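Throughout, numbering of the chain's residues begins at 1 and tracks the sequence. It should be emphasised that the depicted structure is a prediction, and the values quoted were computed from it without experimental measurement.
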Amino acid sequence: MDTTLKEPISLHSITNNPKSKNGSLDHPRNDPKWSSKLLRDYVVAMMNKDSRKAHHLLWMLNELASPYGDRDQKLASYFLQALFCKAMGSGPRTYKTLTSISERNISFDSVRRLMLKFQEVSPWTTFGHVVSNGAMLETFEGSPKLHIIDMSNTLCTQWPTLLEALATRNDETPRLKLTVVVTTTVVESFMIKEIAPRMEKFARLMGVPFEFTIVKYGKLGELTKEGLGVREDEALAVNCIGVLTRVNVEERSDAIRMICSLRPKIVTIVEEEADFSSSRVDFGKCFEECLRFYAIYLDMLEESFGVTSNEKLTLERECSRSIVRVLGCDDDDEVGGDSERRERGSQWSERLRESGLLVPVGYSDDVVDDVKALLKRYKDGWSFVVQGEKDDDHRGLYLKWKEENVVWASVWKPSKCKNVI
């Protein structure tokens, strides 16, 4: 849909907009969720090409928004930036600039501190680790040689607890080969210099025979069994935490076929619960979904971290870049890198089931109990729900924040009645 305005917008016009008819601005700060209301009103005006109202609402948002304020001020600030980019067609340039600034300050220590602190205060990522590890350990029971292909972006923070569990198995400790798949030179460097030595040292401490391999790729669908070092005598698992979203929508079927071609015993999939894929051709729908998801996410950050947390500020800046990419960049190819086109659990289930290559298997009662124990470690507000029945094609678990689904997790095994092409 064409979302351009009849009159061009400039930062000058936003900051110098005249006051309302009564000579003063009716500030909505006392209204609950004022930022969401103003943002929705602006998008309606933009889509209706009502430039006068759109200019006025942009001026109000600019007056009230702040990246250093409360949750509503931050939400208004991040979406104001993205919507301005949309109106001006400057999304790709802005996104690349923001990404470049972020990458200049990146280091292994800063990224590691951020991930560990996030896992300490929120189960947003540890939920996926717990359910995926539990499912893999049950599948691997009795196997002497294990191979995990890790396609996640968690810098191996998932694996120490799994190594501990393998070390305490009743039978002989199995041999574990971990193949980590990366997309960028920066992450590859982190893996080689920092993570590989730490993982190998921890495995020796646990007494688990261990092999660590790093594989860099361009497109996920182009990976092969030979390139990943898959051997027939290994029990293979493919761990996909947040990885399928990073694949362009048009290439996701190829990625699923590649995963199935490896003949794994189990595939673990964890994704954030939002639909930025089917809504990409409908800006209004995409905006509503984006606003819903990031309002929940920012609320969670606000209540999980301290007021002056540097880690929270970093995560909020990442959030602002993602919003610019989703709303301000029409073509993913213009900005490159990983996709931001998330899909909901029901969409992923449908896509995976229709491939005919994978079938859902669900989680055991023991894994569900592990999730219950995990959530007791965090503040009130977290819960989970089991998705589907045992004979249902849409089985899995949802992590919930204040009764809103935020992360979806599922377990799949190759179908015995279909051949991988």
Asker: Under the salt bridge (Lys or Arg N to Asp or Glu O under 4.0 Å) rule, what do Arg252 and Glu250 come out as? Steps first, then yes or no, please.
Answerer: CA-CA 6 Å; Arg252 289 176 183 175; Glu250 297 78 10; over 6 Å; no
Asker: Apply side chain to side chain contact (heavy atoms under 4.5 Å, CB included) to the pair Arg353 and Leu358, showing each step before the final yes or no.
Answerer: CA-CA 6 Å; Arg353 184 178 59 82; Leu358 293 167; over 6 Å; no
Asker: Crowded around Lys225 NZ? As in, over 12 foreign heavy atoms under 6.0 Å?
Answerer: yes
Asker: Between Arg40 and Glu288, is the closest basic N to carboxylate O distance under 4.0 Å?
Answerer: yes
Asker: Between Arg198 and Glu194, does any side-chain N to carboxylate O distance fall below 4.0 Å?
Answerer: yes
Asker: Going by the rule side-chain hydrogen bond (donor to acceptor under 3.5 Å, both in side chains), which residues pair with Ser66 if we only count those two or more places apart in sequence or in a different chain?
Answerer: none
Asker: One pair to check against salt bridge (Lys or Arg N to Asp or Glu O under 4.0 Å): Asp109 and Arg113. What are the steps and the verdict?
Answerer: CA-CA 6 Å; Asp109 286 338; Arg113 282 197 306 270; 5.1 Å; no
Asker: According to the interplanar angle, ranging from 0 to 90°, do the rings of Phe108 and Phe190 count as parallel (below 30°), tilted (30 to 60°) or perpendicular (above 60°)?
Answerer: perpendicular
Asker: Is the closest side-chain donor-acceptor distance between Ser410 and Trp412 under 3.5 Å?
Answerer: yes
Asker: Go through the steps to decide whether Tyr297 and Trp124 satisfy the test ring-ring contact (aromatic ring centres under 6.0 Å, His included), and finish with yes or no.
Answerer: CA-CA 10 Å; Tyr297 183 73; Trp124 193 282; 5.1 Å; yes
Asker: Is it true that Thr97 and Ser100 share a donor-acceptor pair across their side chains at a distance under 3.5 Å?
Answerer: no
Asker: State yes or no: are the ring centers of Phe202 and Trp159 separated by less than 6.0 Å?
Answerer: no
Asker: In Å, rounded to the nearest 0.5 Å, how long is the span from CG of Leu114 to CG of Leu315?
Answerer: 4.5 Å
Asker: In the structure I gave you, are the side-chain heavy atoms of Arg351 and Ser253 within less than 4.5 Å of one another anywhere?
Answerer: yes
Asker: Write down the atom of Leu39, the atom of Ala76, and the distance for their closest heavy-atom approach.
Answerer: CD1-CA, 4.2 Å
Asker: Hydrogens and angles aside, do Ser152 and Asp150 bring a side-chain donor and acceptor to less than 3.5 Å of each other?
Answerer: yes
Asker: Is any side-chain heavy atom of Val181 closer than 4.5 Å to a side-chain heavy atom of Leu228?
Answerer: yes
Asker: For Leu327 and Lys86, work out which heavy atoms get closest and say how close.
Answerer: O-CD, 3.3 Å
Asker: Can you tell me how far apart CG (Leu146) and CG (Leu137) are? Round to the nearest 0.5 Å.
Answerer: 9.0 Å
Asker: Closest approach of Ser36 and Leu75, non-hydrogen atoms and distance?
Answerer: OG-CD2, 3.7 Å
Asker: Within the 3.5 Å criterion, strictly below it, is a donor on Ser364 or Glu138 matched to an acceptor on the partner's side chain?
Answerer: yes
Asker: Do Gln119 and Thr126 have side-chain N/O donor and acceptor atoms under 3.5 Å apart?
Answerer: no
Asker: Measuring from Met151:CE to Met258:CE, what's the distance to the nearest 0.5 Å?
Answerer: 3.5 Å
Asker: Hey, could you give me the CE/CZ distance between Met300 and Arg71, rounded to the nearest 0.5 Å?
Answerer: 12.5 Å
Asker: Between Arg325 and Tyr95, is NZ or CZ placed under 6.0 angstrom from the six-membered ring centre and within 45° of the ring axis?
Answerer: yes
Asker: Would you please test Arg342 and Glu272 for salt bridge (Lys or Arg N to Asp or Glu O under 4.0 Å) and show each step?
Answerer: CA-CA 7 Å; Arg342 294 169 175 78; Glu272 293 173 330; 2.7 Å; yes
Asker: Contact between Trp382 and Val406 at the side-chain level, heavy atoms closer than 4.5 Å - yes or no?
Answerer: yes
Asker: Sort and list the pairs that fulfil side chain to side chain donor-acceptor pair (under 3.5 Å) and have at least one residue in residues 309-320, not counting sequence neighbours.
Answerer: Lys74-Glu316, Ser309-Glu311
Asker: Where do Glu188 and Lys193 land on the salt bridge (Lys or Arg N to Asp or Glu O under 4.0 Å) test, with the steps shown first?
Answerer: CA-CA 9 Å; Glu188 183 181 32; Lys193 296 179 181 179; over 6 Å; no
Asker: So how far is it from Asp370 CG to Asp365 CG, rounded to the nearest 0.5 Å?
Answerer: 11.0 Å
Asker: Could you check whether atom NZ of Lys219 has more than 12 heavy atoms from other residues, nucleotides or ligands sitting under 6.0 Å from it?
Answerer: no
Asker: Just by distance, with hydrogens left out, do Thr161 and His129 show a side-chain donor and acceptor under 3.5 Å apart?
Answerer: no
